[in-house]
Amino acid sequence: MERFRTGYAGEEAEAPGGDQQARQQARHYQLLSDLQALVKGLPSSSQQRLSYTILSDLALALIDGTVFDIVQGLLEIQHLTEKNLYNQRLKLHHEHRVLKQEMFHKHKEAQQCCKPHNMLLLKAAQQKELEAMELRIHEEQHMMDEKIVLELDQKVIDQQSTLEKAGVSGFYVTTNPQELTLQMNLLELIQKLQQKESLPRRPFT
């Protein structure tokens, strides 16, 4: 709980409004200064798009710390989604490998029991069966890759929409590559600033 200074006996307490505004202005200036320093680490093409106005608006949005929490939550959801999709693709790859091994053993056993004069017909039939399975595997892999792309695209849209509603300048639903790059740069700045904010400050000596 914040304590406001009181004077000596009989003196009225200072009004908090001015102090609060001064603290917010100081906080805004510090965040803006930190953002300007972090921008220097980005490629020159990105630096040109991150104007003073954009950085100032971003600093304003970050003052109370809510946006830091929102971004952290969004990134955690993104990482969980990516991990889940990766595990799904890995599982599908394992299932396909098992199918290939089972078919290989089945074909080998059939050839061992086959009479010589039927071998050519058997191998032709097995080749068709193998090609059909390869086509099925290819289609399933393609469907999985499409699913991954769609789900990741949806996560980007969710992030854009959430940050736009939170009042973060530069964020809105778009597929424009230049705007997406700008938004990724802004996210990177927020993450780096959050890491900087979480570091313990050295005491004055």
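Keep in mind that what you see is a predicted model, and the values were worked out from it rather than measured.
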Under 3.5 Å donor-acceptor, [X] side chain and [Y] backbone:
X	Y	answer
Q183	Y172	yes
N87	K83	yes
N185	T181	yes
T81	I77	yes

Close side-chain approach of [X] to [Y], heavy-atom, < 4.5 Å:
X	Y	value
L50	L186	yes
K165	F171	no
I148	Y86	no
L187	L163	yes
I70	V168	no
L31	L60	no
F68	Q191	no
D158	S161	no

With a 4.0 Å cut-off, would you call [X] and [Y] a salt bridge?
X	Y	result
K155	E151	no
K106	E102	no
R89	D145	yes

Would you name the heavy atoms of [X] and [Y] that are closest together and state the gap between them?
X	Y	value
Q36	L55	CG-CD1, 4.0 Å
Q160	L180	NE2-CD2, 3.2 Å
L92	E140	CD2-O, 3.7 Å
A61	G167	CB-O, 4.0 Å
V39	Q47	O-CG, 3.3 Å

Hydrophobic cluster identity match, [X] and [Y], side-chain contacts under 4.5 Å:
X	Y	value
L130	V98	no
V71	L80	no
Y52	L182	yes

Rounded to the nearest 0.5 Å, how far apart are [atom1] of [X] and [atom2] of [Y]?
X	Y	atom1	atom2	value
K100	M133	NZ	CE	6.5 Å
I137	E95	CD1	CD	10.5 Å
L99	R136	CG	CZ	5.0 Å
E134	M103	CD	CE	8.5 Å
L121	K123	CG	NZ	12.0 Å

task = Please step through side-chain hydrogen bond (donor to acceptor under 3.5 Å, both in side chains) for the pair E146 and H142, ending with a clear verdict.
result = CA-CA 6 Å; E146 282 189 335; H142 182 68; 3.2 Å; yes
message = With side-chain contact (heavy atoms from CB on, under 4.5 Å) as the criterion, how do L122 and C114 come out once you've worked through the C-alpha distance, each side chain's angles and the decisive distance to 0.1 Å?
response = CA-CA 8 Å; L122 176 65; C114 182; 3.6 Å; yes
task = Decide yes or no on side-chain hydrogen bond (donor to acceptor under 3.5 Å, both in side chains) for R23 and Q20, but give the supporting numbers first.
result = CA-CA 5 Å; R23 280 196 296 272; Q20 180 69 17; 2.9 Å; yes
Just by distance, no angles: are the side chains of [X] and [Y] close enough, under 3.5 Å, to form a donor-acceptor pair?
X	Y	result
Q78	E82	yes
Q111	Q126	yes
E131	Q127	yes
Q141	H93	no
N176	T174	no
H28	Q24	no

query = Can S56 and T53 be said to form a side-chain contact (heavy atoms from CB on, under 4.5 Å), step by step?
reply = CA-CA 5 Å; S56 180; T53 302; 5.7 Å; no
Count the heavy atoms of every other residue, nucleotide or ligand shown that sit under 6.0 Å from [atom1] of [X], and state whether that count exceeds 12.
X	atom1	value
L150	CG	yes
M119	CE	yes
H79	NE2	yes

task = Given side-chain contact (heavy atoms from CB on, under 4.5 Å), test Q178 with R49 step by step and report yes or no.
result = CA-CA 10 Å; Q178 289 184 333; R49 293 213 60 199; 3.8 Å; yes
message = Please determine whether side-chain contact (heavy atoms from CB on, under 4.5 Å) holds for the pair V156 and L152, giving the CA-CA distance in whole Å, both sets of side-chain angles, and the decisive distance to 0.1 Å.
response = CA-CA 6 Å; V156 171; L152 293 179; 5.9 Å; no
